[in-house]
Amino acid sequence: MKFTYVLPIFLAVPQLAVAASATGTLIGGGGVDDMQVVVQTSSGQKINAYCDSQCGDWFEEDQEAEVYGLKKQFKGKKVSLEYAVEINGDRIVGPAADERLPFVKSIRFVR
């Protein structure tokens, strides 16, 4: 009988998103349909995460390539990033709805 109590918890565990924090330099970003940012930490780790409406007006269209890129004024800025790997749920065009992707939970500039 204990199994009937544990099974729902076990099934829910893959759905949980673990949030992470990082501070680093905004080195890139952009996209076609869905924008993402690239943050490089002081240890050299590069974190790519989809903005999902968290980044603001940080991107401009490259008319020749028909893609958006990070505006030059934001490159090299130090940011504090909170992100989580979550199920897409059709937020991002292309990957499957059940695919797990990194999403920005909050991002802000720091001095």
Verify side-chain contact (heavy atoms from CB on, under 4.5 Å) between Val32 and Glu66, making sure each step is shown before the conclusion. CA-CA 7 Å; Val32 177; Glu66 297 181 8; over 6 Å; no

Could you measure the distance from the NZ atom of Lys78 to the CZ atom of Arg108? Nearest 0.5 Å is fine. 11.0 Å

So Asn48 and Tyr83, do their side chains get closer than 4.5 Å, heavy atoms only? no

Write down the atom of Ser21, the atom of Glu82, and the distance for their closest heavy-atom approach. OG-CG, 3.6 Å

I'd like to check Leu70 versus Phe59 (side-chain heavy atoms, cut-off strictly below 4.5 Å). Are they in contact? yes

Looking at Lys105, I'd like to know if its NZ atom is crowded, meaning that more than 12 non-hydrogen atoms belonging to other residues, nucleotides or ligands lie closer than 6.0 Å. yes

Can you name the closest pair of heavy atoms from Ala97 and Ile87 and give their distance? O-CG2, 3.1 Å

Which pair of non-hydrogen atoms, one from Ala19 and one from Ala84, has the smallest distance, and what is that distance? CA-CB, 4.0 Å

Between CD of Glu86 and CD1 of Ile92, what distance do you get to the nearest 0.5 Å? 10.5 Å

Closest heavy-atom contact between Pro95 and Asn88? O-ND2, 3.2 Å

Is it the case that atom NZ in Lys71 sees more than 12 heavy atoms from other parts of the structure closer than 6.0 Å? yes

Is it the case that over 12 heavy atoms from other parts of the model lie below 6.0 angstrom from the CD atom of Gln73? yes

For Val67, does its backbone N or O pair with a side-chain atom of Asp62 as donor and acceptor, under 3.5 Å? no

Between Val38 and Val104, is there a shared hydrophobic cluster once you connect ILVMFWY residues whose side-chain heavy atoms come closer than 4.5 Å? no

If the plane angle is over 60° it's perpendicular, under 30° parallel, otherwise tilted; pick one for Phe109 and Phe74. parallel

Charged tip of Arg91 within 45° of Phe103 ring normal and under 6.0 Å: yes

Verify the cluster assignment for Met35 and Val39: are they in a single hydrophobic cluster under the rule of side-chain heavy atoms below 4.5 Å apart? yes

If you measure from CG on Leu101 to CD on Glu99, what distance do you get to the nearest 0.5 Å? 5.0 Å

Hydrophobic cluster membership, Ile27 vs Tyr68, 4.5 Å side-chain cutoff: no

Approximate separation, where rounding is to 0.5 Å, of Leu26 CG and Lys75 NZ: 9.5 Å

